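Accompanying notes for the structure given below.
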Amino acid sequence: MQADVLTSGMVGAEVEFSFSDEWDALIKTAVFIAGEEKRVVLEAKWHDNICAIPHECLADPELHLLVGVYGTAADGSLVIPTVYADLGMIWVGTSPDAESGAAATPALWEQLQAQINLKENAANKVTSLSPSCTDAQYPSAKAVYEAIDSLASLPVVIEGAISADNSEVTISTENAWQKVYDAWNDERHPLVMLRVDGEVIAYLSGLSSVDGPSGPLGLALFSTPSSYLLSSTPPHCIWLFEDGTSIFMSSLDTHMSDVSDGAVENRVIKAYVDEQVGNINTLLAAI
């Protein structure tokens, strides 16, 4: 390290450091001591390994100015403190008996705060959260976006009420079909549940469609766990149609009998229902 002759009252004096290769990846902090005065300067305030000497350490003459550097790895795995080097005596400087007009050297916490503010005001600061945020460019924004985005995949709840004889479910949620359809096609695959009278009784297990009077009609299959006993033959299924109507499993056999309208189509749908119920039972047993 190098420094010129030091005199009391100097402002803007500098010291130049020289480091070996092992210091290249370290975060450096210069520590200056003169008598009882001690000041630190973060590397962010240096330029080309040259650091300004805090003028507070040059206020009083006939003291020796000491300086050392403290280096730490970003993860704290390596710490290298140097010994203090003596930059020499602070000689009495010419003075007009007036106080120095230099601004006070910022305290350590003020220097840290300045670095934080600098990063916040950097050119790559983002003003919105989007999928374009990356770990390399905007790691904080990316983390916040993903946390908020994950909330969007919370369960979708469809509300309804069941009749006293357990034969009919009335859906009360507005645009229920659209919510079910959107959730089913969401790449995050949120859980969709049917809650009747305040209690979850069924979960979405499939989407299909049938030919209605005015064209294809979407329908969603909700299946209830076998532990929920609405009648004597669990598990149970509830069909939610695109037009907002619903059919409960206990009345499904009648609707899909061979003598009903569209008997062939109904048998196909009934087979699909039976298959879905079997798959759900298998999954429940595994759980």
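For reference, positions follow the sequence shown, starting with 1. Note that the structure is a prediction, hence the values are computed from the model and not measured.
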### Task
Please check if atom CG in Asp48 has more than 12 non-hydrogen atoms from other residues, nucleotides or ligands closer than 6.0 Å.
no
### Summary
Rounding to 0.5 Å, atoms CG (Asn49) and CH2 (Trp23) come to a distance of 10.5 Å
### Task
Please determine which of Asp182, Val180, Val157, Asp186 meets the side chain to side chain contact (heavy atoms under 4.5 Å, CB included) test together with Val192.
Val180
### Message
I'd like to check Val69 versus Val31 (side-chain heavy atoms, cut-off strictly below 4.5 Å). Are they in contact?
### Response
no
### Task
State, yes or no, whether a side-chain contact exists between Phe222 and Leu240 at a heavy-atom distance under 4.5 Å.
yes
### Message
If you define the side chain from C-beta out and look only at heavy atoms, does anything of Leu26 sit under 4.5 Å from Thr72?
### Response
no
### Task
Answer whether the closest heavy-atom distance between the side chains of Leu204 and Leu221 falls below 4.5 Å.
no
### Query
Would Tyr70 and Ile80 satisfy side chain to side chain contact (heavy atoms under 4.5 Å, CB included), going step by step from the backbone distance to the final call?
CA-CA 6 Å; Tyr70 188 86; Ile80 302 179; over 6 Å; no
### Query
Would you find more than 12 non-hydrogen atoms of other residues, nucleotides or ligands less than 6.0 Å from Phe241 atom CZ?
yes
### Query
Considering only heavy atoms from C-beta outward, does the side chain of Ile53 approach that of Leu6 to under 4.5 Å?
yes
### Task
Heavy atoms only: give me the nearest Thr173-Glu159 pair and the separation to one decimal.
OG1-N, 2.6 Å
### Message
I need the Ser8 OG to Met89 CE distance, nearest 0.5 Å.
### Response
11.5 Å
### Task
List the steps, then state whether ring pair (Phe, Tyr, Trp, His ring centres under 6.0 Å) holds for Trp46 with Phe17.
CA-CA 10 Å; Trp46 307 2; Phe17 300 111; 5.1 Å; yes
### Summary
Closest non-hydrogen atoms of Arg39 and Pro54, given as atom of the first, atom of the second and distance, are CB-CG, 3.6 Å
### Query
Looking at Pro190 and Ala183, what are the two nearest heavy atoms and their distance?
CD-O, 3.6 Å
### Query
Could you give the distance from OG1 (Thr170) to CG (Asp197), rounded to the nearest 0.5 Å?
9.5 Å
### Query
Looking at side-chain heavy atoms only, is the closest gap between Thr7 and Leu58 below 4.5 Å?
no
### Task
Can you measure from CD1 (Ile158) to CD (Glu174) and round to the nearest 0.5 angstrom?
11.5 Å
### Message
Set out, in order, the CA-CA distance, both residues' side-chain angles and the distance that settles side chain to side chain contact (heavy atoms under 4.5 Å, CB included) for Leu207 and Trp177, then state yes or no.
### Response
CA-CA 10 Å; Leu207 252 66; Trp177 165 258; 4.1 Å; yes
### Task
Taking the side chain as every heavy atom from C-beta outward, state whether Leu194 and Ile171 have any pair of such atoms under 4.5 Å apart.
yes
### Query
Hey, are the side chains of Asp60 and Ile90 touching, using non-hydrogen atoms and a 4.5 Å cut-off?
no
### Query
Can Ile50 and Val15 be said to form a side chain to side chain contact (heavy atoms under 4.5 Å, CB included), step by step?
CA-CA 6 Å; Ile50 296 175; Val15 59; over 6 Å; no
### Message
Tell me if a side-chain donor or acceptor on Lys28 pairs with a main-chain N or O of Ala44 at a distance below 3.5 Å.
### Response
no
### Message
Tell me whether Lys45 is salt-bridged to Glu43, with the criterion being a basic N under 4.0 Å from an acidic carboxylate O.
### Response
no
#### Entry: Over all atoms of both residues, closest heavy-atom pair of Leu66 and Asp86
CD2-CA, 3.7 Å
### Query
Is Ser209 reaching over with its side chain to a backbone N or O of Pro216, donor-acceptor style, under 3.5 angstrom?
no
### Query
So with a 6.0 Å cut-off around OH of Tyr181, is the heavy-atom count from everything else above 12?
no
#### Entry: Lys38 charged N/C atom sitting above Phe32 aromatic ring, 6.0 Å / 45°
no
### Summary
On a heavy-atom basis, the closest approach of Met10 and Val5 is SD-O, 3.8 Å
### Query
Where do Glu56 and Glu37 come nearest, in terms of heavy atoms and distance?
O-CG, 3.6 Å
